[in-house]
Every structure is written in structure tokens, then in C-alpha cells.
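Reviewing the structure listed below.
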Amino acid sequence: MPQLIEQQRDFFNTNATKDINFRKQQLQKLYDAIKSNEQLLYDAIYKDFKKSEFDTFTTELALIYNDIIEAKKKVKKWSKRKRKRTNLVNLPAKSYVIPEPLGVSLVIGAWNYPYQLSFAPAVSAIVAGCTVILKPSEIPSNTSAAIAQIINTNFDPNYFKVVEGGIPQTTELLNQKFDKIFFTGSTAVGRIVYQAAAKHLTPVTLELGGKSPAFITNDCDLKKTVKRLVWSKFLNSGQTCIAPDYILLDNQIKDKFLALLKEEIKNSHFSTENGNYVQIVNSKNTERLINLIDKSKVFIGGNYNIDSRIIEPTVLTNVTFEDKIMEEEIFGPILPIITYSNLDEVISKVKSRPKPLSCYVFTNNSKIKNKILNEISFGGGCVNDAVMHISNSHFGFGGVGDSGIGSYHGEDGFKAFSHYKSILEKSNLIEPNLKYYPHTKGKLSLIKRVMGLK
Ligand code: NAD
């Protein structure tokens with residue numbers, strides 16, 4: 001690994017990646033490599049999760065293609081020097097910032113959307129002009145192998161290389177000095193990555209998880225709320241970092257909401273055969289999830305099959321913040337519902353917990369909407385929808401506090417892998433001698449006046 005990193009550093013130092021055409025070519029190469037290997041990607045993810053072509057395209061490939069197309073279109077604009085104003089003290093001069101690629105980058109992926117979480121950060125690294133070592137999650141082994149095959153047969157390893165492996169290989173990578181580490185995964189492993197990065201003062205982006213709440217107030221459009229909620233929660237069998245983890249439901253609409261929820265889940269016909277339901281990633285996670293189901297609180301579902309790694313869409317009612325299911329991110333198809341009669345109380349409860357990656361508000365009341373949006377700190381979210389904010393690359397995606405550091409997609413991704421050099425370019429026309437010796441009272445008073453101070 002030290003040799004691979006050294007070779008990437010040597011390549012970076014040739015300045016080849018600073019060329020905008022080079023970046024465009026590499027983005028196109030990535031696009032073509034993925035496009036011509038779509039069937040390989042569909043087959044691999046089906047083997048790992050029984051994920052359908054429809055879901056794989058809409059929740060993984062579409063986002064990657066979109067990011068590549070936008071990056072290719074905008075790379076020139078994003079890489080341009082940007083003029084800044086010059087303050088009076090420095091006139092005459094020009095001021096500008098120059099974006100520069102950070103250098104050799106390490107991207108570590110998570111397993112739940114294995115393609116999106118590996119390729120999308122790589123797109124950000126490429127558009128910024130970094131070299132990339134990509135370590136996909138080892139847990140879905142077929143997708144990891146497919147990613148490695150596509151990249152390692154199409155790209156020069158001195159520029160873009162996939163290294164497969166689990167904790168030992170990641171630990172070895174993290175012992176090396178990188179110029180940027182981009183990590184997607186759990187908060188616990190995020191801490192390990194941050195500590196390893198600190199040894200080399202390497203800047204990080206940490207895309208982590210958390211328990212994302214969905215508020216449902218008594219004046220929401222109930223039918224649409226339920227439809228959107230069921231889709232976003234059970235998509236990928238709940239193995240979505242921004243899935244609504246739990247619901248905070250106004251007690252006044254409890255019965256109506258639950259009746260509609262039951263109907264919607266029934267009508268959704270979730271099954272691997274229908275292609276709208278995926279397997280839990282492995283037996284360890286299946287067992288972890290089963291242990292979170294408090295049988296006395298099951299309102300819908302609750303059945304499972306450990307061998308086929310399937311858990312029915314499950315809804316738990318009469319849940320409290322003290323229940324076991326409220327202690328950790330669920331990351332599976334179990335939806336606990338906490339009812340409230342005092343909104344302020346539940347807002348304080350959410351605020352007393354680690355900052356979530358997302359927060360959703362289903363309401364038609366703008367006062368309530370603004371109260372929740374202003375009072376709770378979270379990465380990003382939606383009003384009257386869930387999950388879909390990730391599909392809008394016009395804004396960045398990331399967490400805050402325990403749910404992450406930094407953001408990416410679109411220009412935020414470019415910035416995540418860039419440093420902005422601030423340059424003051426002085427004119428040689430005149431030399432105001434103010435700062436030089438002798439330091440007189442007159443000069444001091446003039447300096448203060450120029451600065452607008454007394
Ligand atoms: P994870 O933290 O277990 O693993 C992520 C990566 O870290 C994998 O590549 C793995 O090989 C590596 N890794 C695991 N243990 C390690 C260790 N001890 N030392 C070094 N490397 C190690 O996460 P996961 O189970 O793959 O993913 C689930 C988590 O990721 C959830 O918390 C979810 O919310 C979060 N997530 C966040 C986002 C986001 O964009 N914010 C997206 C997807 C998933």
C-alpha cells in the first residue's frame with residue numbers, strides 16, 4: 001500500500017490531473033465503464049441483496065450518472081480562479097482564490113448502496129483533480145468485486161485504484177498518509193477514521209448515520225404522507241442512512257394514520273419477487289434487527305425468515321424514547337411510532353439526542369414547519385417528503401455532529417476534495433510606505449482612518 005500511494009503521489013505531482021480536459025476524459029471514462037458494465041452491476045447486486053434492476057438504476061446508477069454529467073459540465077467553472085474584493089489597505093492589488101486539488105485521496109464506502117457510495121465520492125475526487133484509492137465495503141462481496149473489476153481494468157492504478165478488503169486492509173490504508181479521506185459508514189467507525197486522519201492532519205469528510213425522525217402533525221395531507229413515508233422507510237428494506245428511523249405522530253390523528261399505514265403497506269406488496277424489497281445484508285444484521293422487535297408492540301408485520309434474510313415491513317406502536325429500539329440506528333424495515341400531545345416536549349427529546357443525519361416534517365402548518373426546521377440541528381431533510389433531498393445535487397449532502405462532517409455531490413463534492421488558495425497580487429505602481437519604519441503617529445492615525453477605525 002505505501003508503494004501504491006507513493007506512485008499515486010508521483011503521478012499527482014506530474015500535474016496531469018490539474019488539466020481540465022484530463023478530468024473530463026476520466027469522468028467520461030468512468031461513465032462509459034459503468035454504462036458498458038451495467039449488467040455486471042445488476043447481477044452482482046442481485047446476488048448480494050436481491051436488489052432489482054429498477055431499484056439499482058433509480059437509487060444508485062441514476063445518481064452516479066447525474067453526478068458525472070454535472071461534473072463534466074461544470075468542471076471548468078468550478079476550477080476557475082474566483083475574484084475577491086481587495087481591502088483598502090492593500091490597494092492597488094488584485095485578489096482571487098485558486099481552487100487546487102488536495103492530492104492523493106482515500107474513499108471508503110459503506111455497504112447499503114454499494115455503487116452510489118463508492119462511485120459518487122470518486123466522481124467528486126476526479127472532478128476536483130485528485131487521485132483516488134477506493135475501498136468499497138467488503139460485506140456485499142459481489143458488488144465489491146464488480147466495482148474492483150470495472151475500475152481496475154479501465155484505469156491506471158497510479159491514478160484510480162480499487163483496493164478490496166475489510167478491517168485489516170482498511171486499517172493498513174488508514175495508517176498511510178493521504179491528502180484527503182472521504183468516509184461513509186457508521187458513527188463508531190467514523191471516529192476511528194477521524195483519529196487515524198488526525199495523525200497526519202489529513203482533512204476528512206465523514207458521511208455517517210444516526211436516528212432520523214419524521215414528524216407527522218395533525219394537519220398534514222395524511223394520504224400523501226403515508227404513501228411517501230412507506231416508500232422511503234421500506235426502500236432498500238430500511239437500509240438507507242436517511243430513511244425515517246422513527247415517527248413522532250400527533251396523538252390526535254393516531255387512529256386514522258395507523259389505518260392508512262396498514263392499507264398502504266398491504267397495497268405495496270413488498271417482496272423480493274416483486275422487486276420492491278431487498279434482503280437484509282447478512283445474517284448478523286438480520287438477527288440484530290429481529291432482537292429489536294418487541295413482540296408486545298407489533299402493530300403490523302413482525303414476521304421474518306432468517307435463512308432468506310427477510311423481515312416483513314414491521315410497525316411498532318406505543319413506543320417510548322426509553323425503548324431499546326430507540327437506542328441505536330435501526331437500519332432495517334422496522335418503524336417505531338412514538339405519539340405526542342406536546343410538540344415542544346418531543347422537540348426537546350430529539351434535541352437531547354445526537355444530531356441526526358436527516359429530519360422530516362409532514363405538515364401544512366408553516367409555524368410548526370419553521371419551528372422544527374429552526375430548532376433542531378440535522379444534516380438535511382424534507383418537508384412533506386422523505387429521502388428525496390439526496391436526489392437534488394444542487395445542494396450538498398452531509399451530516400452534522402454525530403451524523404458527519406462535510407458534504408458532497410455537485411459543487412460541494414468538488415469543494416470537499418479541493419483547497420482554495422487565497423492570493424493577493426500586488427501592483428508595482430506605487431508603494432505606500434505606511435507600514436515601514438519610522439512608525440510615526442501620523443502614519444498610525446492614517447492606518448486607522450484607512451481601516452475605518454478611530
Ligand atoms: P461501517 O462503519 O461498519 O463500515 C464502513 C466502512 O468502514 C467499510 O468499508 C468497512 O470495511 C470499514 N470498516 C469497518 N470497520 C472498520 C474498522 N474498525 N476500522 C477501519 N475500517 C472499518 O458502516 P456500514 O455498516 O458499512 O454502513 C452502515 C452505516 O453507514 C450506517 O450507520 C449508515 O447510516 C451509514 N451511512 C451513511 C451514509 C451517509 O451518506 N451519511 C450513507 C450510507 C450509510
Side-chain angles (χ1 to χ4, degrees), residues 1 48-49 59-60 63-64 67 106-122 124 133-141 143-144 147-148 162-176 178 181-197 199 204-212 235-246 280-282 284-286 288-289 327-332 354-359 378-381 387 389-391 393 396-409 412-413 416:
M1 285 185 195
D48 284 331
F49 295 97
T59 68
E60 308 235 23
L63 272 95
I64 301 163
D67 276 8
L106 171 65
V107 171
I108 303 172
W111 55 258
N112 56 325
Y113 288 88
Y115 300 141
Q116 192 208 125
L117 300 173
S118 297
F119 289 129
S124 296
I133 293 176
L134 166 62
K135 209 296 292 175
S137 171
E138 74 285 12
I139 292 179
S141 57
T143 55
S144 174
I147 294 167
V162 172
V163 173
E164 286 191 89
I167 298 177
Q169 289 78 5
T170 319
T171 308
E172 202 187 331
L173 279 167
L174 287 171
N175 283 332
Q176 316 302 319
F178 286 91
I181 298 177
F182 188 108
F183 170 80
T184 305
S186 59
T187 303
V189 179
R191 288 200 174 92
I192 296 173
V193 172
Y194 205 9
Q195 273 173 357
K199 271 192 237 141
V204 293
T205 299
L206 301 177
E207 296 281 342
L208 311 177
K211 285 184 87 64
S212 302
L235 173 75
N236 219 33
S237 280
Q239 302 169 110
T240 304
C241 57
I242 46 174
D245 185 276
Y246 62 101
I280 306 302
V281 68
N282 55 19
K284 191 174 150 208
N285 261 293
T286 314
R288 176 186 67 80
L289 286 163
E327 285 171 11
E328 59 179 275
E329 181 182 357
I330 299 168
F331 224 52
K355 295 180 179 181
L357 184 56
S358 296
C359 179
F378 55 92
V387 167
H389 58 300
I390 195 171
S391 65
S393 65
F397 174 84
V400 57
D402 281 34
S403 57
I405 297 175
S407 62
Y408 78 126
H409 289 298
D412 278 41

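Numbering of ligands and ligand atoms starts at 1, following listing order.
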### Query
Is Gly109 in polar range of ligand 1, meaning some N or O pair under 3.5 Å apart?
yes

### Task
Return a yes/no value for Glu329: is any of its N or O atoms, backbone included, closer than 3.5 angstrom to an N or O of ligand 1?
yes

### Task
Could you tell me whether atom 4 (O) of ligand 1 has a protein heavy atom closer than 4.0 Å?
no

#### Entry: Gly399 near ligand 1 by a heavy-atom separation under 4.0 Å
no

### Task
Any atoms of ligand 1 less than 4.0 Å from a non-hydrogen atom of Gly209? List them with their elements.
32 (O), 34 (O)

#### Entry: Which segment of Leu357 sits under 4.0 Å of ligand 1 when only heavy atoms are counted
side chain

### Message
Does any N or O of ligand 1 fall below 3.5 Å from an N or O anywhere on Asn112, backbone included?
### Response
no

### Task
Please work out whether the ring planes of His389 and Phe397 are parallel, tilted or perpendicular, with thresholds of 30° and 60°.
tilted

### Message
How far is atom 40 (O) of ligand 1 from the closest protein heavy atom, and which atom is that?
### Response
Phe397 CE2, 3.2 Å

### Message
Do Leu206 and Tyr194 make a side-chain contact, defined as non-hydrogen atoms from C-beta onward lying under 4.5 Å apart?
### Response
yes

### Query
For atom 35 (C) of ligand 1, what's the nearest protein heavy atom and its distance?
Gly185 O, 3.2 Å

### Task
Heavy-atom contacts with Ile108 under 4.0 Å: which atoms of ligand 1 show up? List them by number with element.
6 (C), 7 (O), 9 (O)

### Message
Distance check, rounded to the nearest 0.5 Å: Ser118 atom OG versus Ile108 atom CD1?
### Response
11.0 Å

### Shortest non-hydrogen contact between Ser407 and Asp412, atoms and distance
OG-OD2, 2.6 Å

### Query
Under the criterion side-chain contact (heavy atoms from CB on, under 4.5 Å), which of Val189, Thr205, Val204 is the partner of Phe183?
Val189

### Message
Students should be able to answer this: which protein heavy-atom is nearest to atom 27 (O) of ligand 1, and at what distance?
### Response
Ala110 CB, 3.6 Å

### Message
Taking distance alone, with N or O pairs closer than 3.5 Å, would you say Thr187 contacts ligand 1?
### Response
no

### Query
How many angstroms lie between CD1 in Ile64 and CG in Leu117, if you round to the nearest 0.5 Å?
9.0 Å

### Query
Relative to the heavy atoms of Trp111, which atoms of ligand 1 are at a distance of less than 4.0 Å?
24 (P), 25 (O), 26 (O), 27 (O)

### Task
Measure the shortest side-chain to side-chain distance between Thr187 and Ser403 over non-hydrogen atoms and say whether it is less than 4.5 angstrom.
no

### Message
Show the atoms of ligand 1 that are less than 4.0 angstrom away from any heavy atom in Ile192.
### Response
18 (N)

### Query
Are side-chain heavy atoms of Ile330 and Lys211 found at a separation under 4.5 Å?
yes

### Query
Got a second to check how far Lys135's NZ is from Leu106's CG, nearest 0.5 Å?
9.5 Å

### Query
Where does Phe331 meet ligand 1, judged by heavy-atom distances below 4.0 Å: at the side chain, the backbone, both, or neither?
side chain

### Task
Work out whether the distance between some heavy atom of Phe183 and some atom of ligand 1 is less than 4.0 Å.
yes

### Query
When you measure from atom 10 (C) of ligand 1 to every protein heavy atom, which one gives the shortest distance, and what is it?
Glu138 OE1, 3.6 Å

#### Entry: Residue and atom name of the nearest protein heavy atom (relative to atom 36 (N) of ligand 1), distance in Å to one decimal
Cys241 CB, 3.5 Å

### Message
Any heavy-atom pair between the side chains of Val193 and Thr170 that's under 4.5 Å?
### Response
no

### Task
Run the numbers on Lys199 and Asn175 for side chain to side chain contact (heavy atoms under 4.5 Å, CB included), then give the verdict.
CA-CA 9 Å; Lys199 271 192 237 141; Asn175 283 332; 4.1 Å; yes

### Query
Has ligand 1 got any nitrogen or oxygen that is less than 3.5 angstrom from a nitrogen or oxygen of Leu208?
yes

### Query
With a 4.0 Å cut-off on heavy atoms, does Gly404 reach ligand 1?
no

### Task
Step by step, work out the salt bridge (charged side-chain N to carboxylate O under 4.0 Å, His left out) result for Arg191 and Asp402.
CA-CA 9 Å; Arg191 288 200 174 92; Asp402 281 34; 3.6 Å; yes

Counting only pairs under 3.5 Å, give me each side-chain donor-acceptor contact of residues 162-169, with atom names and distances, residues two or more places apart or in other chains.
from, atom 1, to, atom 2, distance (Å)
Glu164, OE1, Ser144, OG, 2.7
Glu164, OE1, Ala145, N, 3.2
Gln169, OE1, Gly166, N, 3.0

### Query
Is the closest N or O pair between Ile167 and ligand 1 shorter than 3.5 Å?
no

### Query
Nearest to atom 16 (C) of ligand 1 by heavy atom, Leu117, Val189, Val281, Thr171: which?
Val189

## Note on the structure
atom 21 (N) of ligand 1 sits nearest the protein heavy atom Thr170 CG2, 3.3 Å

### Message
Under 4.0 Å from a heavy atom of Lys135: which atoms of ligand 1 are those, numbered in the order shown and with their elements?
### Response
8 (C), 9 (O), 10 (C), 11 (O)

### Task
Decide whether an N or O pair under 3.5 Å exists between Ser186 and ligand 1.
yes

### Query
Gln239 side chain to Val281 main-chain N or O, any donor-acceptor pair under 3.5 Å?
yes

### Summary
Across all chains, not counting sequence neighbours, the side-chain hydrogen bond (donor to acceptor under 3.5 Å, both in side chains) partners of Tyr115 are none

### Task
For ligand 1, indicate whether the residue Thr184 contacts it via side chain, backbone, both or neither (heavy-atom separation under 4.0 Å).
both

